[in-house]
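Computed from a predicted model, the values in this text were never measured in an experiment. Heavy-atom basis, side chains included; hydrogens, waters and symmetry copies ignored.
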Amino acid sequence: MSMKLRSHDWFGRKDKDGILYRSWMKNEGMPTDMFDGRPVIGICNTFSELTPCNAHFREHAESVKRGVLEAGGFPVEFPIMSLGETLLKPTAMLFRNLASMDAEESIRGNPMDGVVLLTGCDKTTPSTVMGAASVGLPTIVVPGGPMLNGRYKGQTIGSGTHVWKFDEDMKTGKMTQEDCEHAESCMSRSIGHCMTMGTASTMACMVESLGLTLSGAAAIPAADSRKKVMAQLSGRRIVEMVKENLTIDKILTREAFENAIKVNAAVGGSSNFIIHLMAIAGRIGVELTLEDFDTLGSKIPLLLNLMPSGKYLMEDFYYAGGLPVILNELKELLHRNVVTVTGKNHHENIAGSTDCYDHDVISTYKKPLLPEGGCVVVKGNLALNGAVIKPSAATPALMKHIGRAVVFESIEEYHRLIDDPNLDIDENCVMVLKYVGPVGYPGMAEVGNMALPKKILQKGIKDMVRISDGRMSGTAYGTAVLHVSPESAIGGNLALVQNGDLIELDVSQRKLHLHVSDEELAKRKSQWVAPKAATQRGYVSLYIKSVMGADKGADLDFLRGSSGSAVTRDSH
């Protein structure tokens, strides 16, 4: 290899430090010829038994190592903070930026020439990509894969999506506690992340559409042996990427981000996609605005019939042909001059792999599931910087609605009052939840799809307009206006909404309006008192002081951009 490898500054030295670097690695049983100048490949492993979606990653890491060794590389596995959406409180989103810092500094500070990111549960994908983007080495992502389809009493059930359904059925007496416990086991019956088009599956599709994975990687079930094959092939490929100097910045171009926005709309991806893609763009230096998601994605037809927007699951998506079929259907809309980890563009990657084997799962562009599938950005005096809604998971009749506000001043107040039979609410009201944004929660939790009051559910009503500065799980559904910015905790107008105010939502007009005069809003603002910060110490305090708004990706302001891979001083 003619180019000087970054790892040479550690292992290629002939001085005291070179002895130190090589000697201590040899206590792991490394023979001397491993330090002969071959590419050192870091395998960033987000394994944790507290992250059930990623609990199989030890095995995947071994597959990657085989591929690296076969290609003449030197694999080194390292851990970073793992973010499990299902268990981590108060929300994994609070720690996405911290995990990205862990990834960034681990990659930069160690002798790596390229990096493989093992990702699965929601935040492990964007956090590791954000960290890698800030360093700039050759990078490839290996998605962990979705669980196998859930099956309960002859019915196909989806992780997350059916959690909300089971909760409603428990409240209305359609399901017993024993039934629910049985269904839990039926829903999560294999290794892998959510098999609906939740945020984890959305993130897998995101990295494939960005060009950061080998073609077809997103939809392979975690339990399928072909997932291990993909991991091994990725290990081989990263070594070649190092030799080609195919760095992540050459892949993550503005055109790649535009492709990802269009693909996300076509698969009915999570609204969380917006906040994560914005953060990644900020790290790599690509200018991306909230309006881009509406302009580029809102008119793209929905092609994928997956929960929560449809009826199938990721396993079915894979059998139908996976993301290459979607890319082929969108081929006239996607940029062709975008390089991927293969060194080729998407059109070259998918050649010969574009047949659809089930058109009930994947529709054609000419006969889509819905004519418009992407998220929509709404603005108005209630969201001056914008808010988002996912129409494919919402109720069409509520896309234009005026209703009386029923306000919950905190998530605790919501839980205390929502099933109170004396709560003054009906199905025409608009539920408003405050102080659940990046600063307010803190961390912007997935509480925006508030469960409806029990007395509303008992009437057979399944949806109402809900507004918050929080997020919604990608597995969830409903007419939820999310990511309201500026958020209430920093004095956004959402903080000023009172019970009884009229709120107008008009999705076709991109409008979210509070029917209160400017004079009255100014009066309320003068009397508003900012909430006390959740803490004054540690990372959470740093987060609260530094986090940007949802319309900017909720990254920490001092993390935007990159610092590169150079480390100029030695440790001894």
Side-chain angles (χ1 to χ4, degrees), residues 41-48 50-51 53-58 60-61 64 75-85 88 92-110 112-145 193 199-214 217-218 222 230-231 234-235 237-238 241 247-249 251-252 256 260 272-273 275-284 341 553-556 559-560 562-563 565:
I41 305 300
I43 302 171
C44 179
N45 198 341
T46 54
F47 158 83
S48 171
L50 291 172
T51 305
C53 306
N54 298 18
H56 58 295
F57 281 12
R58 284 173 172 168
H60 278 194
V64 174
V76 285
E77 180 184 351
F78 66 98
I80 65 163
M81 183 182 189
S82 187
L83 305 178
E85 191 68 37
L88 189 58
M93 183 62 183
L94 176 61
F95 304 107
R96 181 201 66 179
N97 301 335
L98 178 60
S100 78
M101 294 167 71
D102 191 352
E104 176 180 346
E105 302 304 339
S106 294
I107 295 168
R108 179 182 297 111
N110 283 291
M112 302 177 204
D113 302 303
V115 64
V116 180
L117 308 178
L118 301 186
T119 70
C121 195
D122 300 12
K123 311 304 177 294
T124 61
T125 304
S127 64
T128 54
V129 173
M130 289 160 66
S134 293
V135 181
L137 298 182
T139 303
I140 194 168
V141 180
V142 178
H193 59 66
T199 306
S201 295
T202 298
M203 292 296 95
C205 291
M206 177 190 77
V207 287
E208 183 172 341
S209 60
L210 283 171
L212 290 174
T213 75
L214 295 182
M230 187 65 74
S234 298
R237 179 57 195 156
I238 189 63
M241 289 175 66
T247 51
I248 191 171
D249 58 292
I251 296 171
L252 293 182
N272 289 306
F273 166 86
I275 208 161
H276 297 317
L277 197 72
M278 290 279 286
I280 295 169
R283 296 293 186 94
I284 206 72
V341 292
D555 200 0
L556 303 186
L559 290 175
R560 285 179 71 87
S562 63
S563 299
S565 63

*Name all residues meeting the side chain to side chain donor-acceptor pair (under 3.5 Å) criterion together with S127; count only those two or more places apart in sequence or in a different chain, and write none if there are none.*
none
_To check you understand the geometry: which heavy-atom pair defines the closest contact between T124 and C121, and what is its length?_
OG1-O, 2.6 Å
*Taking the side chain as every heavy atom from C-beta outward, state whether V64 and P75 have any atom pair closer than 4.5 Å.*
no
*Listed by chain and number, what are the side chain to side chain donor-acceptor pair (under 3.5 Å) partners of H276, not counting sequence neighbours?*
R96
_Pairing residues for T46 by the side chain to side chain donor-acceptor pair (under 3.5 Å) criterion, not counting sequence neighbours_ = N54
*What are the two closest non-hydrogen atoms of V207 and P143, and how far apart are they?*
CG2-CG, 4.3 Å
*What residues form a side chain to side chain donor-acceptor pair (under 3.5 Å) with R560, not counting sequence neighbours?*
none
*Which one of T139, I80, I43 satisfies the side chain to side chain contact (heavy atoms under 4.5 Å, CB included) criterion with L117?*
T139
*Is there side-chain contact between L212 and I140, with at least one heavy-atom pair below 4.5 Å?*
no
*asked:* Could you tell me if the side chain of S100 sits less than 4.5 Å from the side chain of L559, heavy atoms only?
replied: yes
*I would like to know whether R108 and S563 meet side-chain contact (heavy atoms from CB on, under 4.5 Å); could you show each step before the answer?*
CA-CA 9 Å; R108 179 182 297 111; S563 299; 3.1 Å; yes
_side chain to side chain contact (heavy atoms under 4.5 Å, CB included) partner of K123, the single match among M203, M81, M93_ = M93
*asked:* Has N97 got a side-chain atom pairing as donor or acceptor with A554's backbone, closer than 3.5 angstrom?
replied: yes
*With the side chain counted from C-beta on, respond yes when I251 and M241 share a heavy-atom pair under 4.5 Å apart, and no when they do not.*
yes
*Are any side-chain N or O atoms of N45 and backbone N or O atoms of F47, one a donor and one an acceptor, separated by less than 3.5 Å?*
yes
_N/O donor-acceptor pair under 3.5 Å between E208 side chain and A217 backbone_ = yes
_Any residue meeting side chain to side chain contact (heavy atoms under 4.5 Å, CB included) with A281, in chain and number order, not counting sequence neighbours_ = F257, V286, L288
Show me the donor-acceptor pairs, under 3.5 Å and distance only, between side chains in residues 130-137 and residues at least two apart or in other chains.
residue	atom	partner	partner atom	Å
S134	OG	M130	O	3.2
S134	OG	R283	NH1	3.3
S134	OG	G561	O	3.4

*Among side-chain atoms of D102 and S106, is any donor-acceptor pair under 3.5 angstrom?*
yes
_Parallel, tilted or perpendicular, judged at 30° and 60°: which one describes the rings of H60 and F57?_
parallel
_Pairwise distance CG(L277) to CG(L210) - rounded to 0.5 angstrom_ = 6.0 Å
*Measure the shortest side-chain to side-chain distance between V141 and V129 over non-hydrogen atoms and say whether it is less than 4.5 angstrom.*
yes
*Determine whether I41 and V76 make a side-chain contact, defined as any pair of heavy atoms from C-beta on separated by less than 4.5 Å.*
no
*Do V116 and V142 come within less than 4.5 Å of each other through their side chains, counting heavy atoms only?*
yes
*Does a side-chain heavy-atom distance below 4.5 Å link L83 with L88?*
yes
_Smallest separation among heavy atoms of L214 and V341, with atom names_ = N-CG2, 3.9 Å
*asked:* Whether the side chain of H56 engages the backbone of G144 through a donor-acceptor N/O pair (distance < 3.5 Å, no angle test) should be reported.
replied: yes
*Please round to the nearest 0.5 Å and tell me the distance separating atom CG of N110 and atom CD of E105.*
10.5 Å
*Are S48 and S82 close enough that a side-chain donor and a side-chain acceptor fall under 3.5 Å?*
no
